[in-house]
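Here is the naming used below: chain letters follow the sequence lines, and residue numbers restart at 1 for every chain. None of these values were measured; they are calculated from a predicted model. Worth knowing before you read on, the calculation uses all heavy atoms, side chains too, and leaves out hydrogens, waters and symmetry mates.
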Protein chains: 2
Amino acid sequence: MKLSTFILNHLIDLGVDTIFGVPGDYNLRFLDYIEEEQRLKWVGTCNELNAAYAADGYGKINGLGVLVTTYGVGELSAMNGVAGAYAENVPLIHFVGMPSTSALQTGLPVHHSFGTGYFNEFTEMWTKISCATAQLSQTNWLVEIERVISTAIRKSKPAYIAIPADLFDMEVDDNIHLQFSRGSIGHEEQISQICDLIFENLQKSQMPVAWLGCNTRQFNAVELTSDLIESLNIPFAQTITAKSLYDESSDQYLGLYAGNFSPVDLVKQTFQKADCLIRIGVRITDFNSGGFSHKKFENIIDITDKVIRINGHYFVGVNTHKLLTTVVDKCRRDKIRFDNYLHYNRQTATKNSAPKDLSWSLNHFWDYTVSQIKPNDILLADAGTSFFGIWERNVTVKHLLLTQVLWSSIGYTLPAGLGASCADLSTRALVFIGDGAFQMTAQELSSIARLNLPVIVFLINNDGYTIERAIHGENAEYNDIAPWDYCKFAKALDNRINTHKVKTMEQYQQVLNLIDSNQSKHRTHLIELMFKRDDVPKMLTAAVKGMSKQNS
Amino acid sequence: MKLSTFILNHLIDLGVDTIFGVPGDYNLRFLDYIEEEQRLKWVGTCNELNAAYAADGYGKINGLGVLVTTYGVGELSAMNGVAGAYAENVPLIHFVGMPSTSALQTGLPVHHSFGTGYFNEFTEMWTKISCATAQLSQTNWLVEIERVISTAIRKSKPAYIAIPADLFDMEVDDNIHLQFSRGSIGHEEQISQICDLIFENLQKSQMPVAWLGCNTRQFNAVELTSDLIESLNIPFAQTITAKSLYDESSDQYLGLYAGNFSPVDLVKQTFQKADCLIRIGVRITDFNSGGFSHKKFENIIDITDKVIRINGHYFVGVNTHKLLTTVVDKCRRDKIRFDNYLHYNRQTATKNSAPKDLSWSLNHFWDYTVSQIKPNDILLADAGTSFFGIWERNVTVKHLLLTQVLWSSIGYTLPAGLGASCADLSTRALVFIGDGAFQMTAQELSSIARLNLPVIVFLINNDGYTIERAIHGENAEYNDIAPWDYCKFAKALDNRINTHKVKTMEQYQQVLNLIDSNQSKHRTHLIELMFKRDDVPKMLTAAVKGMSKQNS
């Protein structure tokens, strides 16, 4: 067996069926093996940044994304995309084809290098934005492949493997089986002690509330967390980053909590009144915490990966998954419920329904859109007016890729939509993206259409960098962008793309009906939505006040 | 005066009149100062990679390029572009707006960071691809600005300055004057000793030849080198990288020398016969040396920045500029000429003329194009079939940005054309780029048109990654790309762009005549040139043999 075959078999075992990237002469031999392998699909993108975003979108849904680039020029172009996966905890393996072993050994000044004879600079750069990095050699390849890939999966982060071009064809043994262990071992006694302390503090409370984040995915406890909250019967909110991870149709669900940015007053009020917080898998970032304006509880039970804080007590190195299992068991066994403490008024919670006022505005657009979303849809909302628009509303879908909440790289969602759609071909991917963001990565619409993917791009055309205008420089020229003809643009990339231009609610409803009636053989749509440039979500207005203050 | 004003005044003093970049909330305050400053133009690009390429193109012509991005997402997107400037020795200052001092001090998990409280990761990455890096603070700013900018200019490399957002408005003293010293001091005695040794070896030779590279720019000796060769009256060749730096219409000019890749046999033959090589400013890389097949001379005088090699003698730390001045003086004073040694046959050298055969092929396209190029044109040829097409032919123009020869990042020339054109508005910029490369950075055509720049894009449509096909995977699907409608694409970005589609020589001649007659108010043109996908320059065929061998 060749080394390439060994690697690809391993990726297939891990559930990968699509690989993203761009050809370059140092990786072409690897691509031969990918192209020959029937169980894998190669998706070449227009450039490497877009490939990284696509692998990220795929990895979020599939559980592992794979990216292939070439040495220097290719890998460096992908850096922002991979760093986003690092910030947002997406498992990703990035393979880079390097110059051949002999070129490395003699320090040849070959192209795509600095000509200095050093070949480690880029790998060293990757150590800052990867959980593990390796340069394979004839001797280290097995140990390094195991180490790097298992670390990426265990830590849910990107990892980097550079492979000299000659090694792709290297003969390796046929019968190698890699085993990965996940998670750490928990100590029964410690777990039981922490569990008791949790209930002790919880039962001191008259009015507890829960705040759930997305890091529960990292300790594989999304369902456990839902079970716990349901058993306790306490009201819960989510972080922005967790949006749609928990059941928004539950009677216990309050809405998003993000301190002063919280879009629904009820949520803020409930948090104000509450005397105890159970916080599970929450990552405190500027957006998540409403510019760090979240309520600081005296009685707090904070459960994160390996670190548990119960009021003044800290426990570090805990197997969080095991702890939560124990807590849920105890809760059910002892029937610990807070039925009496459900003081909040569910009736006032926002319900989504199509707007009655049919005038065209960003608010009405979002209201109507949310009413039309299908439970199986994959949703991607770009950093900017798009994610604020979604955050303000309740929506439960199969996969919501609202992120990157922390990394917030604009233009991310279009290539990520390509990747997400490749990972789940059974459903539609809806990409919400502003015009400024769209221009960053626009060419990737071409790859989406080429694969005839059921992706609908909602291009929010508000004439420039609206989120930047809201933060600073409302009328500054630097926030202007060139006014493209976006429908013509889409047609130029692929004439089969269905394009729609919308200026009124009536037109918008017609377009969505048309798409629903599914008459077109080609499944990719671009809807250009015209808005005034000062039409911004309420929540954005609240948030930018925080941002401005933070930057001064 | 504010810190921003101080920095901008300093850049203006250094001859900068245009700054490239993309807004982001951490740099918006800096952009305010740029927008207000009448002596500066802000050119916002569609994304940061393109901004870096544009700043590089501008820097190559202007002598210093300036790039502004935002923390994390912005700066990482620019990395490949800046690394290219590092590989190719382009002076560039990259300013990055960071989170505010207070966020850094308290380690706030703000957006565009990893939320870890560390803010040094990216600066550390930049140390690998910059000659100097700094994070400004309230105390270090003056020393660091001086150090970093002067280093960039002295080393002709990119440098990096990160500025916390609050410092842009910081009040600084009004009367600060920065002075830069360039180069090192040479020791008279050593210089004189080396000079003697050079002539001693030269005069042993019966048939010397010169090979000139582009690193003469680094020690500011392009003209000195030309003077020396003219005085000595010996035949000379250039490296690929130096293409068009020296006078190709000179009687002494042989052509490009690149070992086995050399496109003109006469050059190889002259090198074969010669018994002494004067090599000045030559950088041995895989392309430059013809896959390292260049002739290894016994009698060699190799003059590079600070390192001089004369046969077995090495002198390190020499002021090369001063040495060359001394050599030229001595040569003129003592009338040292090699008139008798001009054995080569000038008559057989390739002369450019319009082709007589008017059938449409890549070869005929290049022959005709070169015959139509004006001496003042700026030429940019992308890595791939484009630069090989130019290398095969003699052409002398005002600015030839053939590079990136070493870095070879495809897609570079379109944004670099934007930058180069901004640096010299008096003339046309001709961008030669393949379809695969074009798709990488295509959106930047929008910025070129928005500024109504006299840029003509020659889009060589040969249906995919032709250079990769030539190296490996001739019929592999991974070398296919989506077939865009490029003329429609250009019109979608900006309807004023003049578009032309060419399939025959007759059409091509008509288009060039039409452009020459200059009837359009809008000066940006896109010419889509249709070629067969296996129609590749001869020199590429020779080169890829070397590449394939190198990668195995």
Side-chain angles (χ1 to χ4, degrees), chain A residues 23 25-26 28 31 35 42 44 46-47 49 73 76-77 79-80 83 86-87 100 103 109-112 114-115 121 124-125 128 165-166 283-287 406-409 439-440 442-443 446 450 465 468 471-473 476-479 482 484-485 488-489 491-494 547 550-552, chain B residues 23 25-26 28 31 35 42 44 46-47 49 73 76-77 79-80 83 86-87 100 103 109-112 114-115 121 124-125 128 165-166 283-287 406-409 439-440 442-443 446 450 465 468 471-473 476-479 482 484-485 488-489 491-494 547 550-552:
Chain A
D25 66 322
Y26 298 129
L28 296 178
L31 303 196
E35 192 159 312
W42 167 255
C46 297
N47 62 36
L49 175 61
V73 293
L76 295 194
S77 287
M79 280 191 149
N80 174 31
Y86 190 77
S100 69
V110 294
H111 65 286
H112 302 341
F114 292 148
E121 291 104 329
E124 285 167 20
M125 291 168 79
K128 305 292 178 189
D166 54 307
R283 196 169 185 195
I284 298 293
T285 70
D286 53 0
F287 281 131
L406 179 61
W407 192 243
S408 291
S409 185
Q439 291 195 5
M440 291 249 165
Q443 56 266 79
S446 154
R450 193 179 174 200
Y465 299 120
E468 309 296 1
I471 296 173
H472 191 83
E477 278 180 35
Y478 56 71
N479 284 327
W484 295 5
D485 181 335
K488 189 190 260 185
F489 174 89
K491 290 287 190 189
L493 300 191
D494 195 322
M547 294 299 108
Q550 194 171 280
N551 293 347
S552 66
Chain B
D25 67 321
Y26 299 129
L28 296 178
L31 303 195
E35 192 159 313
W42 166 256
C46 296
N47 63 36
L49 176 60
V73 294
L76 295 194
S77 287
M79 280 190 148
N80 175 29
Y86 190 77
S100 69
V110 294
H111 65 286
H112 301 341
F114 292 148
E121 290 105 329
E124 285 167 19
M125 291 168 79
K128 305 292 178 191
D166 55 307
R283 196 168 184 195
I284 297 294
T285 70
D286 52 0
F287 281 132
L406 178 61
W407 193 243
S408 291
S409 186
Q439 290 194 5
M440 291 248 165
Q443 56 267 78
S446 156
R450 194 179 173 199
Y465 299 119
E468 309 296 1
I471 296 173
H472 191 84
E477 278 180 35
Y478 56 71
N479 283 327
W484 295 6
D485 181 335
K488 189 189 259 187
F489 174 88
K491 290 287 190 189
L493 300 192
D494 195 321
M547 294 299 109
Q550 195 172 281
N551 292 347
S552 66

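When each of Trp42(B), Tyr86(B), Phe114(B), Tyr26(B) is scored by its heavy-atom pairs under 4.5 Å with chain A, the top score falls to Phe114(B). Contacts with chain A were tallied for Leu406(B), Asn479(B), Asp485(B); Leu406(B) has the most, counting heavy-atom pairs under 4.5 Å. Taking chain A as the reference chain and counting heavy-atom pairs below 4.5 Å, the highest number among Ser408(B), Ala165(B), Gly115(B) is found for Ser408(B). Interface check for chain A: of the options Glu468(B), Lys491(B), Met79(B), the most heavy-atom pairs under 4.5 Å are formed by Glu468(B).
In this structure a side-chain-to-backbone donor-acceptor pair under 3.5 Å is missing from Glu121(A) to Lys128(B). Looking only at distances, no side-chain donor or acceptor of Asn80(A) sits under 3.5 Å from a matching main-chain atom of Leu76(B). Panel note: side chain Asn47(A), backbone Met440(B); a donor-acceptor pair is recorded below 3.5 Å. Checked by atom type and distance alone, the side chain of Glu35(B) pairs as donor or acceptor with a backbone atom of Tyr478(A) at under 3.5 Å.
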Legend entry - Test side chain to side chain contact (heavy atoms under 4.5 Å, CB included) applied to Lys488(A) and Phe489(B), step by step: CA-CA 7 Å; Lys488(A) 189 190 260 185; Phe489(B) 174 88; over 6 Å; no
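Between His112(A) and Trp407(B), the ring planes are perpendicular. Angles over 60° get that label, and only those under 30° would be called parallel.
Taking the ring-ring contact (aromatic ring centres under 6.0 Å, His included) definition, one finds that Tyr465(B) meets it with nothing, sequence neighbours left out. With sequence neighbours excluded, no residue satisfies salt bridge (Lys or Arg N to Asp or Glu O under 4.0 Å) with Glu477(B).
Contacts between Asp25(B) and chain A at a heavy-atom distance below 4.5 Å involve backbone atoms as well as side-chain atoms.
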